[in-house]
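These notes concern the structure reproduced below.
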Amino acid sequence: MNRAFYERDVCAVAEDLIGCVLRNGPCAGLIVETEAYHESEPSCHAFVGLTARTRTLFGPPGIAYVYRSYGIHALVNAVAEPEGIGAAALIRALEPIEGIALMRERRGAEAVADLCSGPGKLTQALAIRLDDNGASLTGGPIEILPRRAALPAPGIVRSVRIGITKAVELEWRFSLAGSRFVSRPRPR
DNA sequence: CATGGGATTGACT
DNA sequence: GTCAATCCCATGC
């Protein structure tokens, strides 16, 4: 995907990422779940303004925002909207496509549905690390590729975001309808 | 400088 | 269903 894809409303970006492919080296997966975050709402890290932590979020669209969650996990986002606006789409789950043996090794799990069914799991499976923060998603080793085909009906489900305590009412979570590879709790 | 709180996961009851 | 692990950063004194 090129820069123009990311330089749009972050909800549109998050929704359009469903069905695209996230790849890092030999491992790749179909994006089946995303969430949008925008500086205008308090659950977004960028809500506090420009700080050392949020610098990436305000950077150019099409770069990765990777941060540590709960002191343990790395979570990866695609930075969206024009440079200077803090917004990003969190990638929450993948359907594994390639490099499954390596994913199993990294995750210490066997079932394919357990490899990338959560934002902390998929970064571990694809070996996306904190030092990838700020890396380009349009030309670097980590890349997002367009949908190969139209999404199967019934398409995309929209629901509230997960694990946040503010702006909980916004339906900014997007999932591939009926996918077994989304994180819990599954959307209705 | 001290402190509180997560965009989570996996183990356990 | 409950709960601990673990650490960076934003905030406030």
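First the proteins, then the strands, lettered A, B, ... as listed; each starts at 1. Only heavy atoms go into these numbers, but all of them, side chains included; no hydrogens, no water, no symmetry mates.
Contact check on A:Arg92 versus A:Glu35 returns a salt bridge, with a Lys/Arg side-chain nitrogen under 4.0 Å from an Asp/Glu carboxylate oxygen. Here A:Arg161 does not pair with A:Glu171 in a salt bridge; the nearest charged N to carboxylate O distance is not below 4.0 Å. Salt-bridge formation is detected for the pair A:Glu110/A:Arg104: a Lys NZ or Arg NE/NH1/NH2 atom is positioned less than 4.0 Å from an Asp or Glu carboxylate oxygen.
What separates CG of A:Leu50 from P of C:dT11 is a distance of 12 Å, to the nearest Å.
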(request) Can you check each nucleotide of nucleotides 3-13 of chain B against protein heavy atoms at under 4.0 Å and return B for base, S for sugar-phosphate only, - for none, in 5' to 3' order? (result) ---BBBSS---
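With a 3.5 Å ceiling on both atom-pair distances, the Watson-Crick or G-U wobble partner of C:dA5 is B:dT8.
Using atom C1' as the reference point in both B:dG10 and C:dC8, the two lie 22 Å apart (nearest Å).
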(message) Determine whether A:Val160 and A:Val168 satisfy the following criterion, side chain to side chain contact (heavy atoms under 4.5 Å, CB included), listing intermediate values before the conclusion.
(response) CA-CA 7 Å; A:Val160 295; A:Val168 293; over 6 Å; no
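The distance between the ring centers of A:His45 and A:Tyr67 falls below 6.0 angstrom.
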